[in-house]
Structure formats: C-alpha cells, structure tokens
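Following: one structure in structure tokens, then a few remarks.
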Amino acid sequence: MKIEIVENVMQYNKEEAELNRMLFLKNKVLTLNILSAPGAGKTSLIIETIKRLKEDFNIGVIEGDISSTYDAEKLKKITGHVVQINTGGTCHLNASMVARALEKLNVAKIDILFIENVGNLICPVGFDLGENYKIVLSSVSEGDDKPVKYPKAFVRADLIVLNKIDMFDYSDFRYDFFENRIRKINQECPIIKISCKSGKGIDNWLNWIELEVKKIVSD
Ligand SMILES: Nc1nc2c(ncn2[C@@H]2O[C@H](COP(=O)(O)OP(=O)(O)OP(=O)(O)O)[C@@H](O)[C@H]2O)c(=O)[nH]1
Ligand SMILES: [Mg+2]
C-alpha cells in the first residue's frame with residue numbers, strides 16, 4: 001500500500017513535468033534546472049550569467065529555497081523575471097511547485113529560464129521539473145569526492161560545472177580524480193570549469209548556453 005502511494009506521487013510529478021515541458025516548448029524557452037550542495041555557487045552562477053547575457057536574452061529565474069527570499073532579492077536587482085518558491089521545509093522542488101511559479105512569470109517573454117533548486121545533491125535529483133537540462137554544479141571548496149558520494153546527481157547530469165576554480169591553489173582538490181570518478185559513471189557529460197569570482201571559464205559556459213538557445217529557437 002505504501003509503495004503504491006509513492007508511485008502515485010512520482011506519476012503525478014511526471015504528468016505535471018510533462019505539462020511544464022509543453023509550455024516551455026511552445027514558448028521556446030531554454031530551461032535549466034541547477035542542482036548543487038548549499039553554497040556551491042548556484043545564485044552566483046545565475047547572476048554572472050544574467051550580467052553577461054541580459055542584452056541579448058530575457059532571462060527568468062525560479063528561485064527555490066526552504067525559506068527566505070534572500071537569493072531572489074539579489075536576483076531582482078538584475079532581472080524583472082524572478083519568482084520565489086519557499087518549500088516550507090521540503091528538500092527539493094517538484095513539478096507542481098514550478099507550475100504554480102510559472103503562472104506568475106510571463107513565459108512568452110522569456111528566452112532562458114533558470115530554476116535554482118533547493119541546495120542539496122540528493123532529493124532534487126529524482127524530480128523532473130520539465131526542464132531541458134539538469135546542470136550539476138560542484139565546487140572546489142566542497143572537495144573532489146562528490147561524484148563518489150553523490151553518484152546519482154552526476155549520473156543524471158546533462159552538464160557538470162565545477163565552480164570556484166580560483167581556489168585550486170588553496171585546496172587539496174585533485175581535478176584528475178574528480179574527472180575520473182565522473183567518467184566511471186557518466187562517460188558523455190561535458191564538464192566546464194569556471195570561477196564566478198574571477199570570471200575564468202565563464203565564456204565556455206556562455207557558449208554552451210548560446211548554442212542550446214539556438215537549437216531551441218531553430219526547432
Ligand atoms: N572563491 C569563490 N567564491 C565563490 C565563487 N562563486 C561563489 N562564491 C561564493 O560562495 C558563496 C555561496 O555562493 P552562492 O551563489 O550563494 O551559492 P548557492 O549555491 O546559491 O547557495 P545556496 O542558495 O545557499 O544553496 C558566496 O559567498 C559566493 O560569493 C567562486 O567562483 N569563487
Ligand atoms: Mg542560492
């Protein structure tokens with residue numbers, strides 16, 4: 001009986017995610033679900049991206065947090081398209097939370113939509129939100145063992161971004177180890193190294209986004 005309830009929840013999420021996906025498709029929105037541990041740099045990455053792309057694209061953000069509007073307030077300073085979801089303790093966003101947030105966004109006007117998921121590398125992984133891609137953000141300060149300890153996130157990632165590379169010199173992070181461990185479980189996934197602080201590598205991330213927007217617009 002209990003198993004049946006869990007299956008129903010996941011089935012309901014799948015159906016809601018499909019509706020979100022159709023809305024994104026209809027409006028030609030590139031939607032990126034950003035997953036990371038707390039503090040890896042999700043908000044920083046979104047801010048640095050908007051700063052660099054806002055002349056060319058309308059960028060929206062759905063900001064997921066357990067409580068507070070702290071990140072959303074920062075984002076509101078650089079884009080008018082921000083909606084906060086407070087999950088009230090739930091450790092991940094689900095598709096119906098995103099559907100409700102979408103009602104408050106002018107999706108027809110948005111080219112790129114970031115969904116900043118609740119900070120953790122476990123629960124958000126299993127919940128499809130209707131996004132085009134799951135981006136797993138890891139950072140040098142967390143250590144190089146995250147693909148070993150949280151493999152599901154790295155298996156499900158469509159793109160892995162390693163942030164805070166400005167901290168390489170101050171840490172024992174072994175990039176080869178990090179990459180080898182990812183390759184054991186995900187052979188194909190691109191990895192982009194960046195620093196939101198220094199700006200190093202951000203161009204590679206922007207190129208990836210711009211290519212994906214072009215694909216969506218030309219479909
Ligand atoms: N050194 C360094 N610090 C960074 C970099 N990117 C972000 N930070 C810092 O890391 C801290 C956390 O960054 P956030 O962007 O708030 O991280 P987050 O993943 O959104 O955090 P939560 O929303 O709490 O999960 C902040 O103090 C940032 O200034 C980076 O590339 N290098
Ligand atoms: Mg944040």
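Every number for a ligand or one of its atoms is a count from 1 in the order of the listing. Quick note: numbers below take in every heavy atom, side chains included, and nothing from hydrogens, waters or symmetry partners. Model, not experiment: these values are computed from the prediction.
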Problem set entry | Atom OH of Y175 with >12 non-hydrogen neighbours under 6.0 angstrom | yes
For this session: Let me see the working for N33 and N117 under side-chain hydrogen bond (donor to acceptor under 3.5 Å, both in side chains), right down to the final yes or no.
Result: CA-CA 7 Å; N33 181 6; N117 219 310; 3.1 Å; yes
For this session: May I ask you to identify, for N163, whether its side chain, its backbone, both or neither come under 4.0 Å of ligand 1 on a heavy-atom basis?
Result: side chain
Problem set entry | Side chain, backbone, both or neither: D71 near ligand 1, heavy atoms under 4.0 Å | side chain
Got the closest protein heavy atom to [atom], with its distance?
atom                    : answer
atom 7 (C) of ligand 1  : S44 OG, 3.3 Å
atom 25 (O) of ligand 1 : K42 NZ, 2.7 Å
atom 10 (O) of ligand 1 : K164 NZ, 3.1 Å
atom 21 (O) of ligand 1 : G39 N, 3.0 Å

For ligand 1, which atoms have a heavy atom of [X] less than 4.0 angstrom away?
X    : value
G41  : 13 (O), 14 (P), 15 (O), 17 (O), 18 (P), 19 (O)
D166 : 1 (N), 2 (C), 30 (C), 31 (O), 32 (N)
M167 : 1 (N)
C196 : 6 (N), 30 (C), 31 (O)

Problem set entry | Nearest-0.5 Å distance that lies between atom CG in L45 and atom CH2 in W205 | 5.0 Å
Problem set entry | Reported CD1-to-CD1 distance for the pair I191 and I182, which is rounded to 0.5 angstrom | 4.0 Å
Problem set entry | Close side-chain approach of L30 to Y133, heavy-atom, < 4.5 Å | yes
Exercise. Are side-chain heavy atoms of W208 and I135 found at a separation under 4.5 Å?
Worked result: yes
Exercise. Would K214 and E210 pass as an ion pair if we require N to O under 4.0 Å?
Worked result: no
Problem set entry | Basic-acidic side-chain contact under 4.0 Å: E48, K51 | yes
Exercise. Quick one: ring pair (Phe, Tyr, Trp, His ring centres under 6.0 Å) partners of H92, sequence neighbours excluded?
Worked result: F127
Problem set entry | Pair listing, side chain to side chain donor-acceptor pair (under 3.5 Å) test, anchored in residues 100-114, at least two apart | none
Problem set entry | side chain to side chain donor-acceptor pair (under 3.5 Å) contacts touching residues 160-174 (sequence neighbours left out) | D144-R174, D166-S195
For this session: Please confirm whether K74 comes within less than 3.5 Å of ligand 1 when only nitrogen or oxygen atoms on both sides are compared.
Result: no
For this session: Mind listing the protein N/O/S atoms less than 2.8 Å away from the Mg ion (ligand 2)? Waters don't count.
Result: T43 OG1, D71 OD2, E116 OE2
Exercise. What pair of heavy atoms forms the shortest contact from H81 to L105, and how long is it?
Worked result: C-CD2, 3.8 Å
For this session: Would you verify that at least one protein heavy atom lies under 4.0 Å from atom 27 (O) of ligand 1, or report that none does?
Result: no
